[in-house]
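The structure appears below as structure tokens.
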Amino acid sequence: MLVTILTPTYNRCDKLPALKKSLENQKNKNFEWLIVDDGSTDQTADWVEQIKKETDFSVRYIKKANGGKHTALNTGVKEINSELTMIVDSDDVLLPDAVG
């Protein structure tokens, strides 16, 4: 895997689908989407479990106790196995050639 796309999130289940769509549109699928959930109380966990079955790229999900974005990023960084990392917030979208 070339790139890990690291997304910290907290109660943003309504925002994640737009990011997912932009990831589906990537020309290069040599990436893993690592979602670190910072203690969400919405449907984020259920949504991620569903999309894992539908995507043509790797999706990994970590849920942790709420501690703030910085702690979610620190948790995610410890789990990265790729050469490169992109931090992409839950309300961002990527252009189709973002993963080079």
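Quick caveat: nothing in here was measured; it's all calculated off a predicted structure. These numbers come from the heavy atoms of this one structure, side chains and all, not from hydrogens, waters or symmetry mates.
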Can any side-chain N or O of [X] pair as donor or acceptor with the backbone N or O of [Y] at less than 3.5 Å?
X: Ser82; Y: Thr4; answer: yes
X: Lys29; Y: Glu24; answer: yes
X: Lys63; Y: Ser40; answer: yes

Could you state the interatomic distance from [atom1] ([X]) to [atom2] ([Y]), rounded to the nearest 0.5 Å?
X: Trp47; Y: Ile35; atom1: CH2; atom2: CD1; value: 5.5 Å
X: Asp14; Y: Asp42; atom1: CG; atom2: CG; value: 7.5 Å
X: Ile62; Y: Thr9; atom1: CD1; atom2: OG1; value: 13.0 Å

Verdict with reasoning, Asp46 to Glu49, per side chain to side chain contact (heavy atoms under 4.5 Å, CB included): CA-CA 5 Å; Asp46 295 335; Glu49 285 307 310; 5.8 Å; no
Is a salt bridge present between Lys64 and Asp37, judged by a nitrogen-to-oxygen distance below 4.0 Å?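 Here Lys64 does not pair with Asp37 in a salt bridge, since their nearest N and O are not under 4.0 Å apart.
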So does Asp89 pair up with Lys15, basic N to acidic O under 4.0 Å?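 A salt bridge is absent here (no side-chain N lies under 4.0 Å from a carboxylate O).
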Ring geometry between Phe31 and Phe57 (parallel below 30°, tilted from 30 to 60°, perpendicular above 60°):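 Correct class here is tilted.
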Asn81 and Arg60: side chain to side chain contact (heavy atoms under 4.5 Å, CB included), yes or no, with the steps? CA-CA 12 Å; Asn81 300 313; Arg60 198 159 36 127; 3.9 Å; yes
Are [X] and [Y] connected in the hydrophobic side-chain network, where two residues link if heavy atoms are under 4.5 Å apart?
X: Leu19; Y: Leu34; result: no
X: Ile51; Y: Tyr61; result: yes
X: Met86; Y: Leu16; result: yes
X: Val59; Y: Val77; result: no

Hey, are the side chains of [X] and [Y] touching, using non-hydrogen atoms and a 4.5 Å cut-off?
X: Val36; Y: Leu6; answer: yes
X: Val93; Y: Lys21; answer: no
X: Leu73; Y: His70; answer: no
X: Leu94; Y: Ile5; answer: yes
X: Trp33; Y: Thr55; answer: no
X: Thr71; Y: Asp38; answer: yes

Please identify each residue that fulfils side-chain hydrogen bond (donor to acceptor under 3.5 Å, both in side chains) with Asn25, with sequence neighbours left out.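 Residues passing side-chain hydrogen bond (donor to acceptor under 3.5 Å, both in side chains) with Asn25: none at all.
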What heavy-atom pair brings Arg12 and Ser90 nearest, and what distance separates the two atoms?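 It is CG-OG, 3.3 Å.
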If you take all heavy atoms of Gln26 and Ala98, which pair is closest and at what distance?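 Gln26 and Ala98 have their closest heavy atoms at OE1-N, 3.2 Å.
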Could you walk me through whether Val99 and Asn30 pass the side chain to side chain contact (heavy atoms under 4.5 Å, CB included) test, one step at a time? CA-CA 8 Å; Val99 178; Asn30 191 12; 5.5 Å; no
Tell me whether Glu83 at atom CD has more than 12 heavy atoms from other residues, nucleotides or ligands lying less than 6.0 Å away.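 Counting neighbours around CD of Glu83, 12 or fewer heavy atoms of other residues, nucleotides or ligands fall under 6.0 Å, so no.
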